[in-house]
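What follows is one structure encoded as structure tokens, with my remarks underneath.
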Amino acid sequence: MMTAPYDPSTFEPKWQQFWEDNQVFKAKLEPGKPKYYCLIEFPYPSGAGLHVGHPRSNTALDIIARKRRMEGHNVLYPIGWDAFGLPTENFAIANHIHPAKVTRDNVNHFRAQLKRLGFSFDYSREVDTTDPAYYKWTQWIFLKFYEHGLAYKAEMPINWCPRCKIGLANEEVVGGACERCGHEVTHKVKNQWMLAITRYAQKLLDGLENLDFIEPVKAQQRNWIGRSEGCEVDFQIAGTDERLRIFTTRADTMFGATYMVLSPEHPMIEKLADRIHNIDELRKYREQAANKSDFERAEMQKDKTGVEIKGLMAINPATGQQIPLWISDYILMGYGTGAVMAVPGHDERDWEFARAFNLPIVEVVAGGDIEKEAYTDIDDGILVNSGLLNGMKVKDAQEAMMDHLEGLGISKRKVNFKLRDWVFSRQRYWGEPIPLVHCPDCGIVPLKEEDLPLLLPDVDSYEPTDSGESPLAAITEWVNVPCPTCGQPAQRETDTMPQWAGSSWYFLRYCDPHNTEEFASKEALDYWMPVDWYNGGMEHTTLHLLYSRFWHLFLHDLGLVSAPEPYKKRTSHGMILGENGEKMSKSRGNVINPDVLVDEIGADAFRVYEMFMGAFDQAIPWSMAGARGAKRFLDRVWRLQDMLDADNQSYSDSLRVLINQSIKKVGEDFERMKFNTAIAQMMTMVNEYYDKGHITAGDFKALLLLLSPVAPHMCEEIWQNQNFGGYIHQQPWPAFDEAFLVDDQVEIAVQVNGKVRMRMMVPSDMDKQTGEKELPNRPEVQEQTAGKQVIKCIYVPGRLLNLVVK
RNA sequence: GCCGGUGUGGUGGAAUGGCAGACGCGACGGACUCAAAAUCCGUUGGUAGCGAUACCGUGUCGGUUCAAGUCCGACCACCGGCACCA
């Protein structure tokens, strides 16, 4: 009897219901059973709904999760919602709907969309960062930071739109202008909450050593943390007791320092204002700089701007000479000491600045032509014009100079980090309230644990206030509270936390999501943590991924989590582009909704296509035709049911070899995230089965087991149709037999001087020595080398024979 | 400017230094059909040749090697990120 045509809509919802009803994917804490924790970055539930980019990561780790279950692991594969954030807030403002309702609706939409794709999430562990039962613990962890002195206040610039009179996120600043009104964005200094991530810079760097993160992620985190070794040196300001401190990694070039540059915000300027002849000019320049972003200030191509500080000179401690002081906006107060010594002979930026302002350029390392350009490739150079360092190699000079300066008592070796502390407060509504009270007598007072969560109050308007304060500042009945310590009238902190807060620890909450006493029980954390495999986007490498490592390292130091690092392994997926090869976005009109795909080709085919379309870690344009090809492949698998014999043994040795090779390759490829080649291998199996015209149940089962993590619905359906016993998700992952991985004979290429001339069959177990001795004597090989002298012969077993002839 | 990534047929892509183009998509031809769709079977890097075959071919230019898409050096283009790494 012919099997009914492949129609996924007749069974995909059925199996989704079955898995749910039977709690097949519910993760249970079972000590003694090996656990495996798969994690994907929980989505931001935007109003636009799921697009085909989301499921790429989900499907990949769903394959791993399903494979691990078949391998006997107790798998935790959770899902949740990273739901605080700007788009929801802006939607709420525009449409006068409470952001909590917007979030609820979006989450329901997302969940329904995800469920149609058949992911093996444990939905009973869903977390939502905007749920008070969740953010209670986000607040609680913040208070731990505060208690331990890692949360502090500092003056920081925010983006400010003078027309809208609101603070803006970087996201809302487009080309230096306000996204809403187009007015030029300026900076406004605000007292902000900071988290001292820099105190963990070294630990965050060291921790990377032993983690199984893909190399680009490690490299990016290392570069972001940016450790550099050098020294701080004090330059005397001539005629004063003031010293100007700089940081340099190139003490060896100090004899070439012909001027210095300060950040326009450097405090020394105001301190010595009365000695500076052009102080007004400097203040004006500082004002202009304040309106630029750091990135604009850092732009290399732009023309160098700067102003000389007239009336002050510094003394170069190496040469003893007086050198001029300048300010320029490319020097940022936030890195190093906010001042540099300029060595124009050997630094490109300094060279250009010196040229632009006609400052002296001195060569201190021989070899370049400093008239034409800065000579920067100096690591193996020899010092000149450098007093005591003359004739030394750069590396030695560096050490010698640092020792010398230290001896003079004006320098200290110093390790500097590029990493900056984390601005942790936002003047927004839709975020976790910071649970602190400002008391005129007691100062800053944290809320007591029993008073958490501090709920977001209901408000009528979510707009930030025109003073730049959070909308919460306008709700006096919420703001005015008695001090938790002394009972005097006091005010609540009105800033909220950034969206990164909730996502910095959600993987811990998944371990024990309904706990009302702790953020998660020790037992659950000890069992499930660390995350065994975390997949996400490259764009989160230096923010979310680093922030969450920071939180975890901190909690570990407090003894609240056992694992030192949260994630054992980190991989990344590439972006899915629109059919036109451009980034998918509403404005480009090239967004593809997975619902449409489920309707047309089914969830399984969609999953197969997402995994087959190209290299997992690279950006790939979507192709509707390609997606239909995936459906065609599953259709061919489905119709194998009509070619089925009851036997278990393969019909030929070569087929048996193919199946064993496939079991090995598919398993290994899944682990290496080479899903595309794993699926290609399964397609090859199917093509082979069609060639034979009929297959055995044993061979068919092997294919279904390999395919089931990718196309779970169809594989369950066929397994049941054919009465193969039980459910396919309960079957063990297939094993291959080493003995059947190769045929007796294998075809190799025969090259003459590197060009392929013929092919021939050789025994597959022939080793290199035997091959090189015997194969050139074969008559068909001799034919190729007739009349020529063989001077060398290389045999690569099972691959090729190369004869070098004259 | 810095950091990271990517350049392979008409197209998405494959390839532990060892036969470039697996597996798809598209296209073309054939079978089935009254016809179409679906399906099945075949062909499909370029040039020359009826053909066996020959030569060329993985962004560019050099190098190492018996052998280079892969390793090394210099460069070009594109994509992503950025807080001038002092």
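FYI, side chains are in, hydrogens and waters are out, and symmetry mates aren't considered; it's all heavy atoms of this structure. In what follows, every chain begins at residue 1, and chains take the letters A, B, ... in the order their sequences are listed.
Considering only side-chain atoms of A625(A), the nucleotide from G5(B), G26(B), C23(B) that sits closest is G26(B). When each of U6(B), G18(B), A22(B) is scored by its nearest atom to the side-chain atoms of L800(A), the top-ranked nucleotide is G18(B). Comparing atom distances between the L419(A) side chain and each of A83(B), G24(B), G13(B) picks out A83(B) as nearest. The nucleotide whose nearest atom lies closest to any side-chain atom of N802(A) is, among G18(B), A22(B), A20(B), G18(B). Picking from C23(B), C40(B), A83(B) the nucleotide with the shortest atom distance to the side chain of R639(A) gives C40(B). You'll find that the side chain of T249(A) is closest to A86(B), out of C82(B), A14(B), A86(B). With C3(B), G4(B), G12(B) as the choices, the nucleotide that has an atom nearest any side-chain atom of A219(A) turns out to be G4(B). Among the nucleotides A86(B), C66(B), G5(B), the one closest to any side-chain atom of P216(A) is G5(B). With C40(B), G4(B), C23(B) as the choices, the nucleotide that has an atom nearest any side-chain atom of N223(A) turns out to be G4(B).
Ion pairing between R672(A) and E668(A) fails under the 4.0 Å rule for side-chain N and carboxylate O. Salt bridge annotation for R245(A)-E232(A): present, with a cationic side-chain nitrogen under 4.0 angstrom from a carboxylate oxygen.
Summary of the strand contacts: A630(A) and I225(A) both lie near RNA chain B, and taking for each the nucleotide with the nearest heavy atom, the more 5' one is attributed to A630(A).
The CD-P distance, from Q618(A) to G5(B), rounds to 11 Å in whole Å. Put simply, NZ on K674(A) is 12 Å from P on G13(B), counting in whole angstrom units. Atom OH of Y795(A) and atom C1' of A67(B) are 16 Å apart (whole Å).
Ring-plane geometry between W622(A) and F606(A) is classed as tilted, the angle between the planes lying from 30 to 60 degrees on a 0 to 90 degree scale. Aromatic ring orientation, F357(A) versus F353(A): tilted (interplanar angle from 30° to 60°).
Note on K755(A): every side-chain N or O is 4.0 Å or more away from OP1 and OP2 of A54(B). For R632(A) and U39(B), the shortest distance from a side-chain N or O to OP1 or OP2 is below 4.0 Å. Between A54(B) and R757(A), a contact under 4.0 Å exists linking OP1 or OP2 to a side-chain N or O. Contact annotation: N687(A) side-chain N/O to C23(B) OP1/OP2 distance is not under 4.0 Å. Taking only side-chain nitrogens and oxygens, K631(A) never comes nearer than 4.0 Å to OP1 or OP2 of U39(B).
Remark: R636(A) is positioned above the aromatic ring of Y690(A), its terminal NZ or CZ atom under 6.0 angstrom from the ring centre and at most 45 degrees off the axis.
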